Amino acid sequence: MTQEDLFKNLIAHTKEYGFIFPSSEVYDGLSAVYDYGQLGSELKNNIKKYWWNAMVRLNENIVGIDSAIFMHPKIWEASGHVGAFNDPLIDNKDSKKRYRADVLLEDYIAKLEEKIHKDVEKGKNKFGEAFDQVQFCATNPNVLRNQTKIDACRGRMVEALNANDLAALKQLIIDCEIVCPISGSKNWTDVRQFNLMFSTQLGSVSDESGTIYLRPETAQGIFVNYLNVQKTGRMKIPFGIAQIGKAFRNEIVARQFIFRMREFEQMEMQFFVRPGEELEWFKKWRETRLKWHKAIGLGEENYRYHDHDKLAHYANAATDIEFNFPFGFKELEGIHSRTNFDLSRHQEFSGRKLQYFDPETNESYVPYVVETSVGLDRTVLAILSGAYKEEQLENAEERVVMKIHPALAPVKLAVLPLIKKDGLPELAREIMKTLKLDFNCQYDEKDSIGKRYRRQDAIGTPLCITIDHQSLEDNCVTLRDRDSMAQIRIPIAELAHKVDEKVSMKRLLELI
RNA sequence: GCGGAAAUAGCUCAGUUGGUAGAGCAUCAGCUUCCCAAGCUGAGGGUCGCGAGUUCGAAUCUCGUUUUCCGCUCCA
């Protein structure tokens with residue numbers, strides 16, 4: 001079976017058993033938006049708990065917050081999102097290629113500059129020692145013409161970009177007679193604006209001043225609370241602030257199931273350090289975070305680092321942790337050394353001092369930041385795709401089993417009376433009653449026992465206990481393991497302990 | 001956003017030149033069943049993605065539209 005088929009089967013499986021549904025399905029769905037069903041939300045909650053415990057509970061110097069999705073609009077100016085994510089785009093109708101309008105114009109200017117440069121070189125060769133570049137540029141007609149074009153183009157472009165005048169940008173592209181590098185044609189669409197941020201109105205009256213954005217990342221909620229947390233939590237550098245929450249990006253194309261959604265959830269931690277020590281901490285978190293992923297048990301070979309060569313405007317080091325999804329290795333988590341960019345910018349834009357007085361060095365400084373940012377939905381997808389197995393059994397039968405780590409599995413155990421009479425259901429209910437306080441249990445008495453085992457395999461339940469006639473006499477039940485399908489007989493009194501041993505989150509946390 | 005393909009029951013699909021919407025599995029109820037699904041009986045569930053048009057009559061033909069998948073494109 002190809003990876004593609006397997007992925008299709010997985011998507012169908014997650015829908016069929018209640019992990020993930022397309023959003024608003026009765027209204028034909030909503031593009032690139034998905035809902036978590038009864039099992040998906042359990043799984044997601046378990047992942048959150050695993051992350052939160054690993055970050056906040058295991059580290060004395062990391063605390064968690066939960067900031068609002070709505071934030072002051074100036075935050076997105078300070079962070080660079082308003083400037084950097086308003087790209088004017090234009091399509092060539094013949095080649096079907098899309099370009100950034102400003103990049104097309106910059107390329108055009110670069111070409112003209114190249115021409116001037118060539119003319120200057122020619123001049124140098126011609127006049128030798130007597131060559132005066134300033135004089136040459138001021139008199140040579142070719143150079144003058146090109147320079148005039150450059151100045152005009154640049155002037156109009158800056159004006160149009162500042163005024164957000166898309167029609168003027170298009171007119172400029174037409175006037176400059178820019179052709180598509182692929183098709184060579186001038187057959188352009190209108191320039192359109194793609195803003196990656198969703199906006200809405202604060203207050204019931206809509207006017208320009210009330211426009212606010214749904215946050216495109218959770219990080220800024222941490223940065224603007226840096227001072228609050230540091231002061232009230234008496235935090236000493238180095239320390240971290242963690243947060244799990246939703247973020248929103250109006251992607252042009254969002255696809256590949258829950259890999260790229262317009263509404264998604266991040267698990268982020270910003271770690272504040274002394275300037276100059278950031279790369280050391282970057283290295284440390286890079287390793288720690290990979291361990292966290294590998295502990296989930298989807299196979300170490302399915303993870304790899306991808307170090308960035310091209311860095312974002314705020315970073316001085318960046319790595320992705322990639323996972324081998326059914327559609328190839330793709331980013332699961334980003335670890336970025338963000339320098340003091342964010343806090344400095346907020347200091348500048350807010351006029352508040354966002355510094356730390358370091359009692360060890362007697363210095364005040366804006367802390368440097370190392371960020372770890374995992375996609376929660378991507379982690380769900382990694383687990384679902386990594387755990388989904390279509391197994392061939394010895395008796396030539398097939399079973400679909402989700403080998404989700406027991407600590408993360410949505411349902412921890414199923415309680416199954418072998419048959420639904422002779423007092424077996426009653427005893428099963430009694431056992432269920434005590435266990436459901438500690439574990440997410442499912443009770444099932446419908447169909448043959450084998451069928452019920454397969455049903456539990458299909459949703460990744462690590463343990464099943466079966467109550468038979470003998471149980472009524474010796475107070476023992478059968479404990480059946482999902483992965484090995486092996487069965488052992490144990491006293492009812494030992495059940496809670498035995499199950500806890502298997503499904504406890506401790507087993508995961510100890511590996512980090 | 002562009003190009004290609006698809007959409008019929010929860011799932012997988014059938015449905016003849018246009019003539020009353022079907023199967024298997026799943027679900028539910030009852031029976032059966034002493035440890036790895038698909039034994040018996042019965043039941044529920046579909047305005048065939050949605051909207052127009054052609055026609056006496058449309059799941060079927062035409063147009064539009066939505067969603068999904070694949071390939072481009074985009075992705076601090």
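Just so we're clear, the structure is a prediction, and the values are computed from it rather than from any experiment.
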>> Does A:Lys420 reach a base, just sugar-phosphate, or nothing at all? Heavy atoms under 4.0 Å.
In response: base
>> Determine whether a donor-acceptor pair (one donor, one acceptor, N or O, separation below 3.5 Å) exists between the side chain of A:Asp468 and the base of B:rC35.
In response: yes
> Roughly how far apart, to the nearest Å, are B:rU47 and B:rC35 at atom C1'?
Replying inline: 47 Å
>> Once you apply a heavy-atom cut-off of 4.0 Å, does A:Phe259 come out as touching a base, just sugar-phosphate, or nothing?
In response: nothing
> Counting only distance, no hydrogens or angles, is the base of B:rA76 paired donor-acceptor with the side chain of A:His336 under 3.5 Å?
Replying inline: no
> Hey, is the side chain of A:Arg480 pairing donor to acceptor with the base of B:rC35 inside 3.5 Å?
Replying inline: no
> In terms of side-chain geometry, is the basic nitrogen of A:Glu217 or A:Arg338 positioned less than 4.0 Å from the acidic oxygen of its partner?
Replying inline: yes
> For A:Gln470 and A:Glu16, take the nucleotide of RNA chain B holding the closest heavy atom to each; which residue's nucleotide lies nearer the 5' end?
Replying inline: A:Glu16
>> Using a distance-only criterion (donor-acceptor N/O pair, under 3.5 Å, no hydrogens), is the base of B:rC75 paired with the side chain of A:Arg260?
In response: yes
Set out, line by line, the N/O atom pairs under 3.5 Å between protein and nucleotides 38-49 of chain B.
from	atom 1	to	atom 2	distance (Å)
B:rG49	O2'	A:Asp28	OD1	3.2

>> Here's a test of your reading of the structure: between A:Arg452 and A:Arg378, which maps to the more 5' nucleotide of RNA chain B?
In response: A:Arg452
> For the residue pair A:Phe323 and A:Phe325, does the interplanar ring angle fall in the parallel (under 30°), tilted (30 to 60°) or perpendicular (over 60°) class?
Replying inline: perpendicular
